[in-house]
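Report on the structure given below.
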Amino acid sequence: MRITKKRSPRLILQSLAKNGYPYIIICIWCVLSGGCVQNKSQDSLKTLKTEIRHIIKDKKATIGVALILDGEDTLAINNAEKYPMMSVYKFHQALAVCDYLQKRHIPLSTSLYLDKKYFKPDTYSPLRDKYPQGNLELPISELLVYTMQSSDNVACDILFDYIGGVNVVDEYIHSLGINDVSITATEDEMHQDMDDCYKNWTTPMEAANLLELFMTQDFMRNEYTDFLKHIMIECGTGKDRLPAPLPESEVKIGHKTGTSDKNDRGEYIGINDIGFVILPDGSRYVVAVFVKDSKENMETNAKIISDISAAVYRYAGNR
């Protein structure tokens, strides 16, 4: 488990002293900043770590968690593992699609022709269920809604083809400085060979870092990413995961889930949720929870995520 913080009061005091600041100035700084009292936020992080450890204890799964609160408090648990993203990677794809459109000045309203060849019968696709014959045109914005809100696999692979393949997404995400991630398989390829699910992986902290970039960087603020934020907030999947314990009237959450079938060992390959939360006072946090190779049932997997979400929300509210 890793916890990182901005510079400690002790180090700042040492720096003030070394640079010749008078004792009275240092004392005033202590009073105004709280630099001479125990760091309650750090203690609270340790308490949160203990609470999350208790939640995941004895669960028949590998569970990874990452949190970044207001760009300062950072917590990671079981971050050394590679976690299969499942449909979480549709967030990564959506960012790459937004970048592709922005650089080419292509409107979100641009329509794509959807050849029937994409409409595979044995995969999750509300798009295919609505238009079983294929061979129609839909705007890119609607395809993004299908991928991000309904986790549509057919729409996902159409967008991969449109921007040039999975390698384009992988290269774009790496160009942002997000290194602990790999995107090499389409939804159809994962469906054909479940082992390919493990080829699309990340660590919890890198998922959180990507969300943090999305929420804070100026180059991520444009009509395309604004649209993406909006449809993430309107996400219809995974209501029993990160959003479950959060009061809808008080907070905004935008998130993306990932859900697998069982592998040959009878384990759920990945049950995941990542998202950003904006609190009433304007503070925010990003959180990522990955449940890997789980022998628990689906309800328990979802509860693991919702219980962690509740613990994080309490910590953020009491900070």
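By the ring-ring contact (aromatic ring centres under 6.0 Å, His included) test, Tyr89 is found to be paired with Phe160, residues two or more places apart in sequence or in another chain being considered. For Ser150, there are no side chain to side chain donor-acceptor pair (under 3.5 Å) partners, not counting sequence neighbours. Not counting sequence neighbours, Tyr198 has no partner by the ring-ring contact (aromatic ring centres under 6.0 Å, His included) test. Qualifying ring-ring contact (aromatic ring centres under 6.0 Å, His included) partners for Tyr172, counting only residues two or more places apart in sequence or in other chains: none. Take Glu212 and apply the side chain to side chain donor-acceptor pair (under 3.5 Å) test, not counting sequence neighbours, and it matches Arg284. For the side-chain contact (heavy atoms from CB on, under 4.5 Å) test, residues two or more places apart in sequence or in another chain that qualify with Leu136 are Leu114, Phe119, Tyr131, Leu138. With sequence neighbours excluded, no residue forms a ring-ring contact (aromatic ring centres under 6.0 Å, His included) with Tyr285. Ser294 meets the side chain to side chain donor-acceptor pair (under 3.5 Å) test with Asn301; sequence neighbours excluded.
At least one donor-acceptor pair under 3.5 Å links the side chain of His191 to the backbone N or O of Asp122. A side-chain donor-acceptor contact under 3.5 Å links Glu206 to the backbone of Asn179. In this structure, Thr202 contributes its side chain and Asp180 its backbone to a donor-acceptor pair below 3.5 Å. Between the side chain of Asp293 and the main chain of Glu267, no donor-acceptor pair closer than 3.5 Å is present. No donor-acceptor distance shorter than 3.5 angstrom exists from the side chain of Asp240 to the backbone of Ile305, with no hydrogens or angles considered. Remark: the backbone N or O of Val169 is not paired with any side-chain donor or acceptor of Gln93 at under 3.5 angstrom. With hydrogens and angles disregarded, a donor-acceptor distance shorter than 3.5 Å links the side chain of Arg221 to the backbone of Thr216. A distance-only check finds a donor-acceptor pair linking the side chain of Ser182 to the backbone of Lys199 [under 3.5 Å].
In the hydrophobic clustering of ILVMFWY residues, with side-chain heavy atoms under 4.5 Å counting as a link, Trp201 and Leu176 come out apart. Side-chain heavy atoms closer than 4.5 Å link hydrophobic residues (I, L, V, M, F, W, Y) into clusters, and following such links, possibly through other members, connects Val286 to Phe214. Met148 and Val166 end up in the same hydrophobic cluster when Ile, Leu, Val, Met, Phe, Trp and Tyr side chains are linked at under 4.5 Å.
Residues in residues 224-236 take part in no salt bridge (Lys or Arg N to Asp or Glu O under 4.0 Å) pair, two or more places apart or across chains. The ring pair (Phe, Tyr, Trp, His ring centres under 6.0 Å) pairs that include a residue from residues 42-69 number zero, where partners must be two or more places apart or lie in different chains.
Annotation: the span from Leu159 atom CG to Leu143 atom CG amounts to 5.0 Å, rounded to 0.5 Å. Note that CG of Leu48 is 7.0 Å distant from CD1 of Ile77, once rounded to the nearest 0.5 Å. Between the CD1 atom in Ile173 and the CD1 atom in Ile183 there is a gap of 5.5 Å [rounded to 0.5 Å]. The CG atom of Asp261 sits 8.5 Å away from atom OH of Tyr268, with the distance rounded to the nearest 0.5 Å.
Nearest approach of Pro280 to Glu250, heavy atoms of both residues: CG-O, 3.0 Å. Of all heavy-atom pairs spanning Ala288 and Ile274, the tightest one is CB-CG2, 3.6 Å. Pairing each heavy atom of Thr110 with each of Pro107, the nearest pair is OG1-O, 2.8 Å. Summarising the geometry of Tyr146 relative to Lys130, their closest heavy-atom pair is OH-CD, 3.5 Å, with the distance given to 0.1 Å. Lys252 and Ile233 make their closest contact through CD-CD1, 4.4 Å (heavy atoms, listed as atom of the first residue, atom of the second, distance). The two residues Asn200 and Met190 come nearest to each other via the heavy atoms ND2-SD, 3.4 Å.
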For this session: Let me see the working for Met205 and Thr74 under side-chain contact (heavy atoms from CB on, under 4.5 Å), right down to the final yes or no.
Result: CA-CA 9 Å; Met205 184 50 67; Thr74 304; 3.3 Å; yes

For this session: Check the pair Met86 / Cys197 against side-chain contact (heavy atoms from CB on, under 4.5 Å), numbers first and verdict last.
Result: CA-CA 7 Å; Met86 309 314 300; Cys197 296; 3.6 Å; yes

For this session: Carefully, step by step, assess Lys120 and Glu187 under the rule side-chain contact (heavy atoms from CB on, under 4.5 Å).
Result: CA-CA 11 Å; Lys120 303 296 176 63; Glu187 286 287 356; over 6 Å; no

For this session: Applying side-chain contact (heavy atoms from CB on, under 4.5 Å), run through Val97 and Leu228 and close with a yes or a no.
Result: CA-CA 10 Å; Val97 170; Leu228 179 55; over 6 Å; no

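Phe276 has its side chain within reach of Met232: a pair of non-hydrogen atoms, C-beta onward, lies under 4.5 Å apart. Under the 4.5 Å side-chain criterion, counting only non-hydrogen atoms from C-beta, Glu189 is not in contact with Thr184. Under the 4.5 Å side-chain criterion, counting only non-hydrogen atoms from C-beta, Thr147 is not in contact with Lys256. Contact check for Tyr83 versus Val88: no side-chain heavy atoms found under the 4.5 Å cut-off. Between Phe227 and Glu223, the closest side-chain pair of non-hydrogen atoms is not below 4.5 Å. Counting heavy atoms from C-beta on, the side chains of Tyr315 and Leu69 come closer than 4.5 Å. Residues Met298 and Ile271 have side chains in contact (heavy-atom distance under 4.5 Å, counting atoms from C-beta outward). For the pair Val312/Ser309, no side-chain contact is recorded, criterion being any heavy-atom separation below 4.5 Å from C-beta on.
Counted by atom type alone, Asp188 and Thr186 present zero donor-acceptor pairs between their side chains at under 3.5 Å. A donor-acceptor pair shorter than 3.5 Å can be found between the side chains of Arg241 and Thr259. For the residue pair Asn153/Lys90, the side-chain donor-acceptor check at 3.5 Å is satisfied. No side-chain N or O of Ser151 forms a donor-acceptor pair with one of Thr237 less than 3.5 Å apart. Of the N and O atoms on the side chains of Asp99 and Gln102, not one donor lies less than 3.5 Å from an acceptor on the other residue. A donor-acceptor contact closer than 3.5 angstrom links the side chains of Tyr113 and Asn135.
One finds a salt bridge joining Glu51 and Arg314 here, because a Lys/Arg side-chain nitrogen approaches an Asp/Glu carboxylate oxygen to under 4.0 Å.
Grouped by direct or indirect side-chain proximity (heavy atoms under 4.5 Å, Ile/Leu/Val/Met/Phe/Trp/Tyr only), Tyr124 sits alone.
Shown here is Lys295, whose NZ atom has no more than 12 heavy atoms of other residues, nucleotides or ligands within 6.0 Å. When the shell of 6.0 Å around CG of Asp193 is examined, it contains more than 12 heavy atoms from other residues, nucleotides or ligands. Residue Glu248 qualifies as open at atom CD: its count of foreign heavy atoms under 6.0 Å is 12 or below.
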Exercise answer: donor-acceptor pairs, residues 57-68 side-chain atoms, under 3.5 Å, sequence neighbours excluded:
from: Lys59; atom 1: NZ; to: Ile55; atom 2: O; distance (Å): 3.0

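Between Tyr100 and Tyr162, the angle of the ring planes goes over 60°, which puts this pair in the perpendicular group of the 30/60° scheme.
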